[in-house]
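Ligands are counted one by one from 1 in listed order, and the atoms in each one are counted from 1 as well.
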Amino acid sequence: MPSPAVTITQRGADRVSSGHVWIYRADVLDANEADPGAIVHLQDRRRHFWGQAIYSSRSQIALRLLTRDERPFDRAFLAERIATATSLRRQVAGGAQAYRLVSAEGDLLPSLIIDRYGPCFVIQTLTQGMDRLKPQIVEILQQAFSPRSILERNDVAVRGLEGLPEQKGTLAGESISEVEAEENGLRFTFDLMGGQKTGGFLDQRENRLAARQYARGRALDCFCYTGGFALHLAAQCDSVLGIDSSPEALGLARRNQQLNGLTNLDWKEANCFDFLKAADLERQRYDTIVLDPPAFARQKSKLEAARRGYKELNLRALKMLNPGGFLITCSCSHHVSETDFLEIIAAAALDAHRTVAVVERRTQSRDHPILLTVPETHYLKCLILRVIGFFS
Ligand code: SAH
């Protein structure tokens with residue numbers, strides 16, 4: 001059956017020319033009764049061909065570009081895209097057992113996430129179009145990797161924008177939930193069915209390794225989840241305290257600590273805002289602090305509140321660092337640009353009366369590729385800062 005042709009506005013065509021992959025509903029002139037999730041041809045008013053995209057009947061992002069080519073986007077094409085993504089991982093995640101194999105738009109497979117945890121694969125298909133391709137994706141993974149199990153973690157709210165149900169479960173192979181995998185020489189248990197995201201925050205793998213280089217003395221890991229940063233710091237530090245509001249996450253953090261035979265870690269269930277405020281009032285001092293909060297600005301409307309949140313956390317952390325101390329501070333809100341984030345931290349440093357040097361400006365691990373022409377794919381900022389002076 002030939003793909004339906006969807007007619008887009010000049011502005012929509014300009015988006016494609018600019019290298020972006022999203023076209024908003026306001027730029028759809030005629031959807032030509034395309035089925036929800038269909039792969040469609042894009043044309044402008046003069047019937048000039050602009051590429052092929054997946055169509056959503058519900059989301060404000062009506063079209064996500066798959067290719068500028070006319071070659072049909074069939075199973076072989078999909079398999080090639082997954083193979084291309086796999087070949088990059090051999091270079092940038094070589095040796096890692098847990099990594100992101102396919103990172104949606106960053107791998108030209110919009111709205112598809114495939115995370116690998118050793119022999120287990122966890123997928124998310126976040127649009128009508130990708131959801132339709134799910135059986136093919138499972139088959140391709142089976143052929144390429146013979147996995148022990150393929151799970152879906154489609155229990156995410158964004159699926160609602162597409163009119164898709166939230167669901168999770170086993171798609172192929174064994175029904176397992178927990179799996180052990182190594183990261184930077186440490187062992188971690190991942191809860192693939194019950195954990196946050198697909199079980200782990202794989203985008204911080206390289207930053208956890210970087211943080212270890214600077215860590216020393218008395219350390220604090222705020223928003224520690226299952227102890228990713230904390231365990232990395234522990235080898236270099238006298239003591240590490242991990243704080244998180246999730247008791248389930250802390251349960252796994254304790255198990256991860258035991259798995260690695262580490263004794264210099266402690267965990268505390270608390271709201272990090274409250275904890276930092278109290279610790280600051282008690283004049284607690286640290287040599288290394290990690291701040292890795294969840295995204296505060298999921299929508300643009302939340303930007304102001306997000307700025308205040310980041311400023312408060314960073315202000316308190318900077319005040320509590322001893323001279324020469326390191327702050328590893330992160331933001332995963334793509335609405336907060338790196339420039340914004342640097343400005344917020346600069347304001348916090350001034351209020352804290354600290355002179356701060358930027359030691360490293362980092363981003364998400366390389367298995368989460370950033371597309372040059374799609375700014376949304378650059379979402380994670382990680383700054384490694386050093387307090388080099390106090391002033392009154
Ligand atoms: N640093 C972690 C990932 C952190 S994700 C890693 O490297 O794996 C953000 C974490 O913040 C989640 O574990 C979530 O449970 C926790 N969280 C969210 N809001 C919080 C709050 N106000 N106080 C403490 N923890 C919070």
Side-chain angles (χ1 to χ4, degrees), residues 96-100 115 117 122 153 156-157 179-184 186-192 194-212 215 219-234 240-257 259-260 265-280 288-298 302 305-306 308-314 316-317 327-334 336 362-365 367-368 379-384:
Q97 293 179 353
Y99 58 89
R100 180 153 290 187
D115 286 343
Y117 296 88
V122 186
R153 280 300 301 271
V156 278
V179 64
E180 216 182 283
E182 206 176 280
E183 180 184 288
N184 303 322
L186 292 161
R187 306 290 305 162
F188 287 92
T189 299
F190 294 94
D191 181 358
L192 307 183
Q196 298 183 34
K197 286 217 190 172
T198 62
F201 291 81
L202 303 175
D203 50 2
Q204 291 281 28
R205 188 184 66 255
E206 293 176 2
N207 295 329
R208 289 188 281 256
L209 187 61
R212 178 153 77 187
L220 182 63
D221 178 7
C222 292
F223 308 93
C224 67
Y225 188 50
T226 58
F229 277 99
L231 264 66
H232 280 78
L233 305 182
V240 185
L241 175 61
I243 318 277
D244 204 279
S245 57
S246 157
E248 294 80 18
L250 292 175
L252 259 191
R254 284 193 185 91
R255 284 174 55 195
N256 287 333
Q257 173 187 352
L259 206 55
N260 292 279
L265 289 134
D266 265 313
W267 310 97
K268 188 177 167 67
E269 183 186 328
N271 178 324
C272 286
F273 285 91
D274 299 340
F275 172 84
L276 287 170
K277 189 173 175 187
D280 180 18
T288 310
I289 300 181
V290 175
L291 295 176
D292 183 19
F296 291 149
R298 285 190 205 283
K302 299 270 162 65
R308 282 196 299 278
Y310 288 123
K311 182 163 174 200
E312 180 180 338
L313 291 175
N314 283 280
R316 298 219 188 267
L327 174 63
I328 295 99
T329 183
C330 310
S331 162
C332 57
S333 308
H334 81 76
V336 176
R362 307 181 55 86
T363 182
Q364 63 239 33
S365 298
D367 48 349
H368 295 61
Y379 65 95
L380 183 63
K381 281 74 57 186
C382 171
L383 302 174
I384 301 186

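Of the protein's non-hydrogen atoms, the one nearest atom 19 (N) of ligand 1 is Pro294 CG, 3.8 Å. Taking atom 5 (S) of ligand 1 as the reference point, the nearest protein heavy-atom neighbour is Phe201 CZ, 3.4 Å. Ranking the protein heavy atoms by distance from atom 26 (C) of ligand 1 puts Ser245 OG, 3.1 Å first. Counting only heavy atoms of the protein, atom 23 (N) of ligand 1 lies nearest to Cys272 N, 2.9 Å. Of the protein's heavy atoms, Asn271 OD1, 3.4 Å lies nearest to atom 22 (N) of ligand 1. The protein atom (non-hydrogen) at minimum distance from atom 21 (C) of ligand 1 is Phe223 CE2, 3.6 Å.
Using a cutoff of 4.0 Å between basic side-chain nitrogens and carboxylate oxygens, Arg187 and Glu180 are scored as salt-bridged. For the pair Arg308 and Glu312, the salt-bridge criterion is not met [side-chain N within less than 4.0 Å of a carboxylate O].
Taking each of Asp292, Asp244, Leu202, Leu291 in turn, the one with a heavy atom nearest to atom 3 (C) of ligand 1 proves to be Asp292. Across Glu248, Arg208, Glu269, heavy-atom proximity to atom 6 (C) of ligand 1 is greatest for Arg208.
Using a 4.0 Å cut-off to heavy atoms of Phe229, the atoms of ligand 1 that qualify are 1 (N), 7 (O). Ligand 1 places these atoms under 4.0 Å from at least one heavy atom of Ser246: 15 (O).
Counting heavy atoms closer than 4.0 Å to ligand 1, residue Ala270 contributes backbone atoms (N, CA, C, O) but none from C-beta onward. Of all the heavy atoms of Tyr225, the ones lying under 4.0 Å from any atom of ligand 1 are found in both the backbone and the side chain. Contact annotation for Ala249 and ligand 1: no heavy atom of the residue comes within less than 4.0 Å of the ligand.
The only option from Leu186, Leu233, Leu231 that meets the side chain to side chain contact (heavy atoms under 4.5 Å, CB included) definition with Arg212 turns out to be Leu186.
For NZ of Lys197, the number of neighbouring non-hydrogen atoms (other residues, nucleotides, ligands) closer than 6.0 Å is greater than 12.
Residue Thr226 has no N or O atom closer than 3.5 Å to an N or O atom of ligand 1.
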- Message: I'd like to know whether Arg205 forms a salt bridge (Lys or Arg N to Asp or Glu O under 4.0 Å) with Asp367, so could you lay out the CA-CA distance, the side-chain angles of the two residues, the decisive distance to 0.1 Å, and finally the verdict.
- Response: CA-CA 10 Å; Arg205 188 184 66 255; Asp367 48 349; 2.9 Å; yes
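Proximity of Gln196 to Phe201: side-chain heavy atoms (C-beta onward) are separated by under 4.5 Å at one or more points.
Ser365 and Tyr99 share no side-chain donor-acceptor pair at under 3.5 Å.
Interatomic distance, OG of Ser245 versus CZ of Phe273, reported as 11.0 Å (0.5 Å rounding).
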